[in-house]
Structure formats: C-alpha cells, structure tokens
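This report concerns only the one structure given below.
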Amino acid sequence: MGYIDKVNIKHGSDSKRRFSTGNTLPLVSLPHALASFTLQTTSESPEWFYNPCDRSFEGIRLTHRPSPWIGDFAYFTFMPQAEQPFVNPDRRWSGFRPEDTVLRPDRMELTALRYGAKIRLAPTDSGAVVRIEYDDTVTCPRFAVLPPDFEGEIRADRSAGEIAGYTTSHNGQGKGNLRCYFVFSFDCGIGDCYVSDGVKAQRGEKYSGKAAGINVALNKKCVTVSLAISYISEEQARYNLEKDASSSFKETAEKARKIWEEKLGKIAVKGDPEKEKIFYSCLYRAYLYPTKFYETDMYGRDLHVIAETGEIKEGIMYTNNGFWDTYRTVYPLFSIIDKEADAAFVKAWLNYFDDTGFLPRWTSAEEKGTMPGTLIEAVLADACVKKIIGGEDARRALVAMIENAENRSDSPLRGRKCVSFYVENGYVPFDRCKESVNETLDCAYGDFCIAQVAALLGENETAEKYYKRSKNYAKLYDPETGFMRAKDSNGNFRSEFDCHYWGRDYTEASAWQTTFAVQHDLDGLASLMGGKRKFLQKADALFAEKPFYRTGGYGEEIHEMTEMAAVDLGQCAISNQPSFHLPYLYAAAGEKDKSSDILKKICESVFSSGDRGFPGDEDNGTMACWYIFATMGFYPLCPGKDEYVVTQPMFDEITVFTQGGRKNMIEILKGKNKVSHGIIVG
C-alpha cells in the first residue's frame with residue numbers, strides 16, 4: 001500500500017455553515033496546482049456546493065475556493081450529457097452513487113447515471129485529462145461547459161474539436177477583473193452546438209455575456225478531453241495544455257500518483273492504522289495550499305497577473321492563503337520537509353510587496369483584507385532564522401516588514417489595520433478599531449519578528465527598536481482580572497468586562513483564548529501574571545472552566561463557539577487557531593507530560609480519518625499541520641524562533657526525510673524539552 005492509499009480527500013468535507021468538521025473540499029489536484037477539481041453536488045448554497053452524503057451530480061467543478069468563508073474565483077463546471085442540452089442545475093443534475101465513486105488526490109471516477117456516462121479525471125498542473133465512456137444505449141453523447149452567472153465568452157471550433165473562452169466568475173469580495181481563460185481539446189469531432197445564458201440553450205457556436213455556456217454533440221462514445229486554464233491569455237492556456245496534458249488518462253493519473261507519493265513520502269510514520277490514515281490525509285491537505293498564481297510562458301518567463309488591475313508582471317506568485325491562520329503550522333512544517341517550496345512561497349510574497357507596496361494579509365486572487373494584524377511577518381522571520389532564505393531576499397523581507405509595520409495604506413484591505421494608532425499609543429484603542437486586543441497582540445508579535453530579522457542582518461538599532469515594541473502586549477494586561485483587555489485612546493480599560501464575551505475586542509475568541517497570545521514572550525507574560533506558578537494556575541483555570549460563551553460583539557452564535565462547546569477542553573477552543581498553542585503552555589513551562597496528556601486526548605477524541613474528521617475549520621492546511629506536529633511530538637510554539645517545544649510522539653516510528661537526510665524523530669526528541677530547527681533538519 002502506498003502513502004496515497006491512506007488519504008481520504010473527503011476528510012472534513014461533511015460540514016455545515018453552523019458546525020464545521022473541516023469545511024474542506026475533496027480536491028483532485030497536484031500539490032499547489034494552478035487548477036483543482038471537485039464534484040458539485042448542489043447549488044442550494046453558493047459556498048457549500050459539495051457534501052459527501054449527496055447523491056446528485058451537477059458537474060465537475062474547476063475550483064479555486066480556499067474556504068467557504070472566502071469564496072471561489074475563476075470557477076466553472078463541466079459534465080457529460082446525452083440526447084439534448086440541459087443548462088439549469090435543477091434540470092441538468094444526474095444521480096450518482098457515492099459508494100461507487102473514487103475520489104483520490106490523483107484521480108476521480110464516477111458514473112452519471114442519468115446520462116449513462118462513466119467519467120474519469122486525472123489532474124495536471126494547469127488542468128486535467130478527462131476520459132468519458134458512454135453506455136451503448138446512449139444515442140447522442142454530449143458535453144457541456146457551464147460557467148456561472150458572470151461575464152464571459154465561450155465558443156466551439158468544430159473543425160479543431162475544441163471549446164475555448166474565459167470567465168470572470170468570483171464570489172465573496174472582489175471586483176471581478178480577473179479573467180480565467182480555458183481550452184478544452186477533444187480527441188473526436190464536435191457536432192451540433194448549443195450556447196446558453198445560464199437559463200436556456202439555443203443553437204449557436206459562440207456566446208458572449210453573462211453565464212456564457214456551451215453544449216456540443218460528440219461523434220463517438222469513448223472520448224478523451226484535455227483541459228487547461230490560464231490567467232494570462234488564451235494563447236497561454238493553449239501553451240499550458242500542450243505543456244501539461246497527455247493524450248492518455250492512464251498516463252496522466254500515473255504521473256499524478258508518483259508526484260503525490262513523493263510528497264507524502266516526506267514523512268514516514270508507523271503505528272495505529274487509523275492514526276496513519278489521519279496523518280496522511282492531513283499531509284495531503286498541507287500540500288494543497290498556497291496555490292500557484294503564476295505561469296511559465298513559451299520563452300521561459302514566469303508571469304503573474306495582479307488580480308485587481310489585470311496588469312501582467314514577471315516573477316512567481318502564489319495565492320489562497322490567510323497568514324493569520326497559516327503562519328502557526330503550515331510554513332513551519334514546510335521549513336522542515338520542503339525547504340525549496342517554502343523559499344518559493346516567501347519569494348512570491350516579496351514579489352507581492354514589490355507589486356503593491358504592502359505584504360499580503362489574506363490573498364485569494366485579490367486581497368481580502370480579513371483578520372487582524374498581518375502575521376506574514378512570522379512567515380518571513382521563520383524563513384530567515386531557519387536559513388530558508390538569506391542575503392538579498394532577507395534584506396527585502398526586512399524592508400517589506402518595516403514598511404508594513406509603519407505606514408498606513410490607502411486601502412483598508414492592505415497593511416496593518418489602525419497602524420498609526422498602534423505606533424502612536426503602543427496599542428490599538430478600541431474606540432478607533434474593532435478587535436483591538438488582537439490587533440495589538442498581533443502587531444507586538446509582528447514587531448518581534450521584525451526584530452529577529454534585523455538582528456540576524458546586524459541591524460542592531462532596528463532590532464532594539466522592535467524588540468522594545470514587541471513588549472507592547474503588556475499595556476493591555478489587566479492584573480485585577482488577569483486578562484488582556486481593551487483600552488480607549490485615553491488609556492482607560494473598557495468599563496464593562498466579561499471574560500466569556502466573544503468578538504468586539506477579540507477575534508473569533510474571548511479574553512480566555514486571547515490572553516495567552518504572546519507566544520514570543522511567555523516568560524514576560526508569566527511575570528505579568530505573578531510568576532510561573534500563577535501562569536500555570538491560569539492555564540489550569542482555562543482548561544477547567546466550563547466551555548461557556550456569550551455571543552457578545554457578534555450578536556449571534558458563530559460556529560467556532562458551538563465547536564468549542566462540543567469538546568471537553570474548557571475554554572481551549574481547539575477547533576480554531578487562537579487555541580492551537582494552548583495545550584503547549586505546560587511544555588513551554590517545563591511540564592511536558594501535562595501537555596502530552598492533553599494532546600493525546602485531543603488527537604484521539606476529536607480527529608478521525610472520516611468525512612467529519614476535524615474539530616473545526618481546516619483552513620489552508622493549518623489544522624492538518626497542527627495534527628501532524630501534535631502526533632510527531634514537537635511544535636513550533638513561536639514561528640520566528642529557531643526552536644520547538646517537545647511533547648510525546650504518538651507513533652511507534654517517525655522518519656522525516658529532509659535535504660539533510662533521514663531523521664529519526666523518536667531518537668531526536670528522546671529526553672528533550674526543546675529542540676532547535678538545526679537539530680531537526682541537520
């Protein structure tokens with residue numbers, strides 16, 4: 001059995017808006033690919049368009065959705081049909097049997113029962129190869145491309161056996177300036193064509209406007225279709241098709257399998273079979289994001305488009321990443337198992353700074369501007385201190401981080417929010433900015449990361465300045481209540497306080513989870529609390545407290561509240577990123593066994609290899625990578641520092657294959673409380 005055979009790509013996909021067990025999609029895709037594919041089973045909810053329990057098939061969806069809360073872009077569906085064209089999802093859907101459907105990283109296989117069509121798809125970097133086999137009973141096999149309700153163009157070239165066009169589809173925040181060009185190439189002739197506007201179909205071979213779709217007759221019943229996309233041009237899409245696609249589904253699927261085996265084989269674990277399945281399903285998730293947002297043209301140039309303007313620039317670029325989430329676990333894992341990929345990501349984010357003047361906060365084609373702080377500082381600092389990047393790139397990183405930390409953008413979507421107030425006061429006042437406690441703590445941590453890079457480069461005055469600013473978290477600590485609290489512009493704490501009150505001053509949390517968000521200076525936090533003993537007592541109180549919450553600033557229950565209460569961990573909302581480091585507080589204070597006991601309870605009670613396999617949102621690999629670290633027995637408590645805290649591994653054998661060679665993690669971690677990155681990677 002290969003590593004890929006242990007992966008459930010539906011892991012975490014059986015989720016709802018009000019209760020997440022992952023909020024994932026089963027993506028058939030190469031690692032970090034330009035294009036990914038999934039099944040669309042329902043149109044009832046724009047962002048929950050797949051559920052593993054559904055038995056309806058509305059088409060294969062080419063998707064770039066990183067999260068249901070962010071939305072999709074550059075998406076469309078395609079599907080085989082028969083006899084006559086159908087456009088509307090309520091008219092076109094077919095039954096299928098989930099139990100007979102194959103969904104793996106390297107391929108999907110299903111049968112559209114209504115149309116008598118067996119469909120197999122294997123991914124390439126920019127598209128896919130699709131094999132369709134119709135039943136003998138089908139008299140008129142057809143193929144439909146169904147872009148959603150956005151401006152676009154589509155046309156058929158009957159002599160070339162081709163469909164081509166573009167869509168501007170997007171949902172969530174965005175202006176829709178980005179075009180996704182596509183080309184479908186058939187190994188058979190195309191017969192009569194119907195174009196559609198998303199409602200009805202009429203004869204024709206070209207359509208421009210909203211919901212530009214097309215349906216063509218095929219002149220044989222066993223058809224191979226090759227597909228590629230491009231954000232640059234239709235000409236580039238054709239080049240991507242020529243470069244990436246194979247005429248054989250089998251050959252393409254085998255190539256995809258080998259790529260995934262190599263990536264999943266970066267870590268070899270042996271132990272409980274269920275834990276192995278969870279582990280490799282998580283490692284698959286880690287390798288999906290960020291996704292490529294650049295293409296190599298026929299002259300060997302790497303090109304990317306600025307989504308907001310359509311301008312084409314040279315250099316690599318990635319997208320689909322929220323750094324408030326991913327800095328905690330995703331980038332630290334890549335710094336160990338795939339340094340080359342980590343370096344490429346960092347260089348892309350520096351290119352983003354060159355393009356826009358600011359570092360990204362939450363990018364999904366366009367900048368979404370959501371979540372507090374920017375936290376990409378931690379990604380850049382981690383890469384610098386671990387020598388993933390150096391030299392001129394490290395200096396570029398320092399310049400970019402300082403610009404981000406000192407200057408206000410003309411756009412509210414870019415840079416640190418309320419940065420001028422933070423610089424002036426040393427904290428973000430609640431009368432000037434919402435979620436002010438998290439904004440302050442994240443800025444202080446970002447300042448620490450700037451100081452780390454400055455010190456590494458010998459910029460001692462700069463380092464001293466930002467080390468001093470990294471202590472700003474202390475300005476919001478209230479010794480009377482023992483929590484981080486919001487202050488106004490005059491330095492007064494908010495008059496009313498409830499430690500169970502979510503939102504308003506806090507992000508997806510209350511004072512309980514947020515107070516410990518000082519990973520860069522836990523010793524300083526402990527001192528504020530009255531010393532190590534009081535610090536540990538506060539941690540004990542957090543885990544002993546009832547999982548009670550008040551809807552507070554949200555005015556309604558959000559799913560993270562519901563998920564915290566579903567797990568018996570007190571106020572440790574392990575379903576969400578602000579609590580990821582809480583089980584490790586004890587290990588950081590020297591009580592390794594206590595952390596290990598909590599982690600074992602979490603990993604064995606709220607994770608599984610099934611379709612409801614996560615305790616909350618699996619955001620761009622963050623929770624997946626959290627599980628990987630938890631079961632391997634070490635954790636990057638503070639990205640930007642060259643160290644990990646150690647706990648008890650949960651496998652019998654763990655071997656990490658790095659550029660420095662094989663590393664037996666059980667032996668490395670034995671008897672240690674902390675290890676440096678150098679010890680791990682050699």
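As the structure is a computational prediction, the values presented were derived from the model and not from experiment.
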Please determine whether a side-chain nitrogen of the Lys or Arg among [X] and [Y] lies less than 4.0 Å from a carboxylate oxygen of the Asp or Glu.
{"X": "E667", "Y": "K670", "result": "yes"}
{"X": "R285", "Y": "E618", "result": "yes"}
{"X": "K270", "Y": "D652", "result": "no"}
{"X": "K594", "Y": "D597", "result": "no"}
{"X": "K275", "Y": "E604", "result": "yes"}
{"X": "E406", "Y": "R469", "result": "yes"}
{"X": "D338", "Y": "K263", "result": "yes"}
{"X": "E459", "Y": "R395", "result": "yes"}

Would you indicate whether the side-chain heavy atoms of [Y] and [X] approach each other to under 4.5 Å?
{"X": "N673", "Y": "V646", "result": "no"}
{"X": "L637", "Y": "L522", "result": "yes"}
{"X": "K417", "Y": "P412", "result": "no"}
{"X": "M401", "Y": "L380", "result": "yes"}
{"X": "N664", "Y": "I654", "result": "no"}

Please report the C-alpha distance between N321 and N620 in whole Å, then the side-chain angles of each, then the deciding distance to 0.1 Å, and finally whether the side chain to side chain donor-acceptor pair (under 3.5 Å) criterion is met. CA-CA 7 Å; N321 219 243; N620 309 140; 4.7 Å; no
If I compare all heavy atoms of [X] with all of [Y], which pair ends up nearest, and what's the gap?
{"X": "T655", "Y": "R662", "value": "CG2-CB, 4.2 Å"}
{"X": "D488", "Y": "Y427", "value": "O-OH, 2.7 Å"}
{"X": "I337", "Y": "K266", "value": "O-CD, 3.3 Å"}
{"X": "W362", "Y": "N320", "value": "CZ3-C, 4.2 Å"}
{"X": "S609", "Y": "I278", "value": "N-CG1, 3.5 Å"}
{"X": "A286", "Y": "L333", "value": "CB-CD2, 4.3 Å"}

How about [X]: does its [atom1] atom have over 12 heavy atoms from other parts shown lying under 6.0 Å from it?
{"X": "R612", "atom1": "CZ", "result": "no"}
{"X": "D568", "atom1": "CG", "result": "no"}
{"X": "E464", "atom1": "CD", "result": "no"}

Indicate yes or no for a side-chain donor-acceptor contact from [X] to the backbone of [Y] under 3.5 Å, with no hydrogens or angles considered.
{"X": "N438", "Y": "T507", "answer": "yes"}
{"X": "S527", "Y": "D523", "answer": "no"}
{"X": "T440", "Y": "V428", "answer": "yes"}
{"X": "S596", "Y": "Q648", "answer": "yes"}
{"X": "Q513", "Y": "Q571", "answer": "yes"}
{"X": "H677", "Y": "D382", "answer": "no"}
{"X": "E367", "Y": "R361", "answer": "yes"}

Does NZ or CZ of R550 come closer than 6.0 Å to the centre of the six-membered ring of Y501, within 45° of the ring's axis? no
Excluding sequence neighbours, so at least two apart, what forms side-chain hydrogen bond (donor to acceptor under 3.5 Å, both in side chains) with R504? E496
Carefully, step by step, assess T562 and E557 under the rule side chain to side chain donor-acceptor pair (under 3.5 Å). CA-CA 7 Å; T562 320; E557 183 155 340; 2.7 Å; yes
Derivation of the side-chain contact (heavy atoms from CB on, under 4.5 Å) call for W626 and R328: CA-CA 8 Å; W626 185 92; R328 305 168 197 262; over 6 Å; no
Intermediate values then yes/no, side-chain contact (heavy atoms from CB on, under 4.5 Å), R494 and K487: CA-CA 6 Å; R494 188 186 288 276; K487 283 183 176 179; over 6 Å; no
Taking the six-membered ring where the residue is Trp, are the ring centres of [X] and [Y] under 6.0 Å apart?
{"X": "F353", "Y": "F358", "value": "no"}
{"X": "Y466", "Y": "F448", "value": "no"}
{"X": "Y635", "Y": "Y644", "value": "no"}
{"X": "Y445", "Y": "H520", "value": "yes"}
{"X": "Y549", "Y": "H500", "value": "no"}
{"X": "F279", "Y": "F651", "value": "yes"}
{"X": "H11", "Y": "Y284", "value": "no"}

NZ on K600 to OG on S605, rounded to 0.5 Å: 11.5 Å
Should the pair [X] and [Y] be assigned to parallel (<30°), tilted (30 to 60°) or perpendicular (>60°) ring geometry?
{"X": "F323", "Y": "W349", "result": "perpendicular"}
{"X": "F607", "Y": "F614", "result": "perpendicular"}
{"X": "F334", "Y": "F345", "result": "perpendicular"}

Give every residue pair that meets the ring-ring contact (aromatic ring centres under 6.0 Å, His included) criterion with at least one member in residues 476-499, sequence neighbours excluded. F483-F497, F483-W512
The test is side-chain contact (heavy atoms from CB on, under 4.5 Å); show your working for W324 and D442 and say whether it passes. CA-CA 9 Å; W324 190 79; D442 288 347; 3.2 Å; yes
May I have the step-by-step check of side-chain contact (heavy atoms from CB on, under 4.5 Å) for K672 and F634, ending in yes or no? CA-CA 10 Å; K672 292 184 172 66; F634 62 103; over 6 Å; no
Are D521 and Y473 close enough, and set up right, to give a side chain to side chain donor-acceptor pair (under 3.5 Å), and what steps lead you there? CA-CA 10 Å; D521 191 19; Y473 69 86; 2.6 Å; yes
According to disulfide bond (SG atoms under 2.5 Å apart), who are the partners of C418, at least two apart in sequence or on a separate chain? C433
Run H559 and W69 through ring pair (Phe, Tyr, Trp, His ring centres under 6.0 Å) and show every step you take. CA-CA 12 Å; H559 71 95; W69 311 108; 5.0 Å; yes
Evaluate side chain to side chain donor-acceptor pair (under 3.5 Å) for Y586 paired with D593, printing each intermediate quantity in order. CA-CA 8 Å; Y586 298 103; D593 291 344; over 6 Å; no
Does R416 form a salt bridge (charged side-chain N to carboxylate O under 4.0 Å, His left out) with D447? I'd like the steps, not just the answer. CA-CA 12 Å; R416 292 183 179 181; D447 288 343; 3.2 Å; yes
